[in-house]
Amino acid sequence: QVQVVESGGGLVQPGGSLRLSCAASGTIFSIISMGWYCQAPGKQRELVASITSGGSTNYADSVKGRFTISRDNAKNTVYLQMSSLKPEDTAVYYCAVDLTTTVWSTASRRYWGQGTQVTVSS
């Protein structure tokens with residue numbers, strides 16, 4: 001069993017900051033990558049940022065220069081520092097973890113968190 005738990009969402013004014021956290025726990029052999037996705041009402045879920053075990057990062061164009069993803073490999077935790085927030089950043093943010101559960105695993109599997117609401121409004 002693998003659990004993925006997010007925290008840190010909330011209501012913030014435009015221009016403000018929030019920090020999201022996501023921790024993976026349970027039967028984990030190796031985490032390949034961790035990332036954040038967002039889904040606004042009526043829209044598809046889309047990638048915000050991701051980071052590999054080696055530290056390589058990838059960002060959506062809309063958040064480059066404003067959001068920073070980082071991870072603590074020892075804690076199986078990923079963070080998303082969100083700054084200069086805009087109303088269009090309002091969405092449910094989901095954590096995604098690609099991992100293997102045993103040494104014999106031939107492919108990784110993606111696990112999702114339950115999501116955390118981020119609302120940017122004055």
Novice: Under the 3.5 angstrom rule, does the side chain of E6 hit a backbone N or O of C95 as a donor-acceptor pair?
Specialist: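 Side chain of E6 to backbone of C95, a donor-acceptor pair under 3.5 Å: yes, one is there.
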Novice: For Y37, what residues pass the ring-ring contact (aromatic ring centres under 6.0 Å, His included) criterion, not counting sequence neighbours?
Specialist: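 Residues passing ring-ring contact (aromatic ring centres under 6.0 Å, His included) with Y37: W112.
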Novice: Is Y111 linked to Y94 within one hydrophobic cluster, defined over Ile, Leu, Val, Met, Phe, Trp and Tyr using a side-chain heavy-atom separation of less than 4.5 Å?
Specialist: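 No, separate clusters.
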Novice: Specify the closest pair of heavy atoms between W36 and S21, including all atoms of both residues, with the distance to one decimal.
Specialist: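 Minimum heavy-atom separation between W36 and S21: CH2-O, 3.5 Å.
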Novice: Can R71 be said to sit on top of Y79's aromatic six-ring, NZ or CZ under 6.0 Å from centre and within 45° of the ring axis?
Specialist: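 Cation-pi check for R71 and Y79: fails.
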Novice: Give me the atom names and distance for the closest heavy-atom approach of C22 to V97.
Specialist: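 Shortest heavy-atom contact: SG-CG2, 4.5 Å.
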Novice: Report the C-alpha separation of S17 and Q81 in whole Å, then their side-chain angles, then the decisive distance to 0.1 Å, and conclude whether the side chain to side chain contact (heavy atoms under 4.5 Å, CB included) test is met.
Specialist: CA-CA 7 Å; S17 298; Q81 179 66 48; 4.0 Å; yes
Novice: Could you walk me through whether S7 and T116 pass the side chain to side chain contact (heavy atoms under 4.5 Å, CB included) check?
Specialist: CA-CA 7 Å; S7 61; T116 184; over 6 Å; no
Novice: Within a 6.0 Å radius of atom CD on E88, are there more than 12 heavy atoms belonging to other residues, nucleotides or ligands?
Specialist: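 Yes, because the 6.0 Å sphere around CD of E88 holds more than 12 heavy atoms from other groups.
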Novice: If I compare all heavy atoms of Q39 with all of K43, which pair ends up nearest, and what's the gap?
Specialist: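 The pair with the smallest heavy-atom distance is NE2-O, 3.2 Å.
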Novice: For residues Y59 and V48, determine if any side-chain heavy atom of one lies less than 4.5 Å from a side-chain heavy atom of the other.
Specialist: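 No. Closest side-chain heavy atoms not under 4.5 Å.
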Novice: Would you kindly confirm whether V92 and L20 end up in one hydrophobic cluster when ILVMFWY residues are joined by side chain heavy atoms under 4.5 Å apart?
Specialist: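 No; L20 is not reachable from V92 via cluster members.
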Novice: Going from SG on C38 to CD on E46, what distance comes out if it is rounded to the nearest 0.5 angstrom?
Specialist: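 Output value for this atom pair is 4.5 Å.
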Novice: Is it the case that over 12 heavy atoms from other parts of the model lie below 6.0 angstrom from the CZ atom of R110?
Specialist: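 Yes, because the 6.0 Å sphere around CZ of R110 holds more than 12 heavy atoms from other groups.
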Novice: Is the shortest side-chain heavy-atom distance between D89 and R66 below 4.5 Å?
Specialist: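 Of all side-chain heavy-atom pairs linking R66 with D89, at least one is under 4.5 Å.
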Novice: On a heavy-atom basis, which atom in V12 and which in L85 lie closest, and how many Å separate them?
Specialist: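 In this case the closest contact between V12 and L85 is CG1-CD1, 3.5 Å.
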Novice: Answer with yes or no whether the side chains of D98 and S108 bring together a donor and an acceptor at under 3.5 Å.
Specialist: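 No, D98 and S108 have no side-chain donor paired with an acceptor closer than 3.5 Å.
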Novice: If we ignore hydrogens and angles and just use 3.5 Å, is the side chain of T77 paired with the main-chain N or O of K75 as donor and acceptor?
Specialist: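 Yes: the side chain of T77 pairs with the backbone of K75.
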Novice: Do V2 and I32 share a hydrophobic cluster (ILVMFWY, side-chain heavy atoms under 4.5 Å, transitive)?
Specialist: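 In one cluster: no.
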Novice: Only one of T101, T100, L99 clears side chain to side chain contact (heavy atoms under 4.5 Å, CB included) with F29; which?
Specialist: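 Of all the options given, the one that passes is T100.
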Novice: Should M34 and S50 count as side-chain neighbours, where that means a heavy-atom distance under 4.5 Å?
Specialist: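 A side-chain contact under 4.5 Å is absent here.
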Novice: Give the intermediate values and the outcome of side chain to side chain contact (heavy atoms under 4.5 Å, CB included) for residues I51 and V78.
Specialist: CA-CA 8 Å; I51 185 167; V78 63; 4.0 Å; yes
Novice: Could you check whether any side-chain heavy atom of S53 comes within less than 4.5 Å of a side-chain heavy atom of S33, counting everything from C-beta outward?
Specialist: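 Counting from C-beta outward, S53 and S33 never come under 4.5 Å.
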Novice: Checking the side chain of T90 only, and the main-chain atoms of T119 only, is there a donor and an acceptor separated by less than 3.5 Å?
Specialist: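 No; zero donor-acceptor contacts below 3.5 Å.
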Novice: Looking at OG of S62 and NZ of K86, how far apart are the two atoms once the value is rounded to the nearest 0.5 Å?
Specialist: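 These two atoms lie 8.0 Å from each other.
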Novice: Looking at every non-hydrogen atom in both residues, tell me the closest pair between L80 and A49 and how far apart they are.
Specialist: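 Here L80 and A49 meet closest at CD1-CB, 4.2 Å.
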Novice: Assess whether side chain to side chain contact (heavy atoms under 4.5 Å, CB included) is satisfied between N76 and I31, documenting all intermediate values.
Specialist: CA-CA 8 Å; N76 291 338; I31 292 180; 3.4 Å; yes
Novice: Apply salt bridge (Lys or Arg N to Asp or Glu O under 4.0 Å) to R19 and list each qualifying residue two or more places apart in sequence or on a separate chain.
Specialist: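 For R19, no residue satisfies salt bridge (Lys or Arg N to Asp or Glu O under 4.0 Å) once neighbours in sequence are set aside.
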Novice: Between A40 and A91, which heavy-atom pair has the shortest distance, and what is it?
Specialist: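 That closest heavy-atom pairing would be N-CB, 3.9 Å.
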